[in-house]
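All remarks here apply to the structure that follows.
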Amino acid sequence: MVKSTFQALCITLALGGAVYTTGLAAAESPSETQATQVSTPNEGQVSINSATAEQLAAGMNGIGLKKAQAIVSYREQYGPFTAIEQLKEVPGIGSALIERNSARLKL
């Protein structure tokens, strides 16, 4: 009786481990896909020279509609940006914000 219970326990653990390993491998797949998507250039990037305030607010981390409108107003007043770093000239936009969003921005 003890031997059959022990065998049943071993089989259950072996099958449980196989299911867990398969589930773990399946769980890793979406993160690998996301990593590929993040590293794709130009995909998901926002153009600071053509995006609307709503698009800038949605595409940038730490930028709300008010700061996004300030970017658009600056662009309309002074013309297109010639470099991403030029965003520092917009009131309320600092180096840390530009650094945080550098992968999300394009001219």
Side-chain angles (χ1 to χ4, degrees):
M1 177 73 178
V2 173
K3 187 175 180 181
S4 63
T5 304
F6 181 73
Q7 287 176 340
L9 178 63
C10 290
I11 291 172
T12 303
L13 290 174
L15 290 175
V19 171
Y20 176 75
T21 305
T22 304
L24 184 60
E28 290 175 356
S29 296
S31 63
E32 291 170 357
T33 303
Q34 287 174 350
T36 303
Q37 290 174 351
V38 170
S39 66
T40 305
N42 297 335
E43 188 174 316
Q45 289 186 323
V46 179
S47 171
I48 60 173
N49 282 326
S50 62
T52 64
E54 291 80 11
Q55 290 169 330
L56 288 168
M60 294 176 70
N61 185 10
I63 297 283
L65 193 54
K66 189 172 182 177
K67 284 185 184 179
Q69 287 171 339
I71 293 171
V72 172
S73 295
Y74 183 92
R75 182 179 70 207
E76 289 171 351
Q77 184 175 0
Y78 297 103
F81 293 96
T82 56
I84 302 292
E85 292 76 27
Q86 196 177 1
L87 281 172
K88 293 177 192 174
E89 298 172 15
V90 177
I93 308 293
S95 299
L97 199 77
I98 295 169
E99 212 172 286
R100 187 180 328 141
N101 288 287
S102 63
R104 296 182 174 117
L105 299 175
K106 65 180 180 178
L107 291 177

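Since the structure is predicted, the reported quantities are computational estimates derived from the model, not experimental observations.
Between the CZ atom in R100 and the CG atom in L105 there is a gap of 11.5 Å [rounded to 0.5 Å].
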Return all side-chain donor-acceptor pairs below 3.5 angstrom for residues 78-88, not counting sequence neighbours, or 'none' if the list is empty.
{"unit_1": "T82", "atom_1": "OG1", "unit_2": "Q86", "atom_2": "OE1", "d": "3.2"}
{"unit_1": "Q86", "atom_1": "OE1", "unit_2": "T82", "atom_2": "N", "d": "2.7"}

What side-chain donor-acceptor pairs closer than 3.5 Å can you find for residues 53-62, not counting sequence neighbours?
{"unit_1": "Q55", "atom_1": "OE1", "unit_2": "T52", "atom_2": "N", "d": "2.8"}
{"unit_1": "Q55", "atom_1": "OE1", "unit_2": "T52", "atom_2": "OG1", "d": "3.4"}

Side-chain donor-acceptor distances from residues 66-74 under 3.5 Å, at least two apart:
{"unit_1": "K67", "atom_1": "NZ", "unit_2": "G92", "atom_2": "O", "d": "3.4"}
{"unit_1": "S73", "atom_1": "OG", "unit_2": "Q69", "atom_2": "O", "d": "3.0"}
{"unit_1": "Y74", "atom_1": "OH", "unit_2": "E89", "atom_2": "OE1", "d": "2.3"}

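Applying the ring-ring contact (aromatic ring centres under 6.0 Å, His included) test to every pair with at least one member in residues 82-103, sequence neighbours left out, gives no pairs at all.
Scored by the side chain to side chain donor-acceptor pair (under 3.5 Å) test, S47 finds S50 as partners (sequence neighbours excluded). In this view, R104 and N101 satisfy the side chain to side chain donor-acceptor pair (under 3.5 Å) rule, not counting sequence neighbours. Scanning for side chain to side chain donor-acceptor pair (under 3.5 Å) contacts around Q77 gives an empty result, with sequence neighbours left out.
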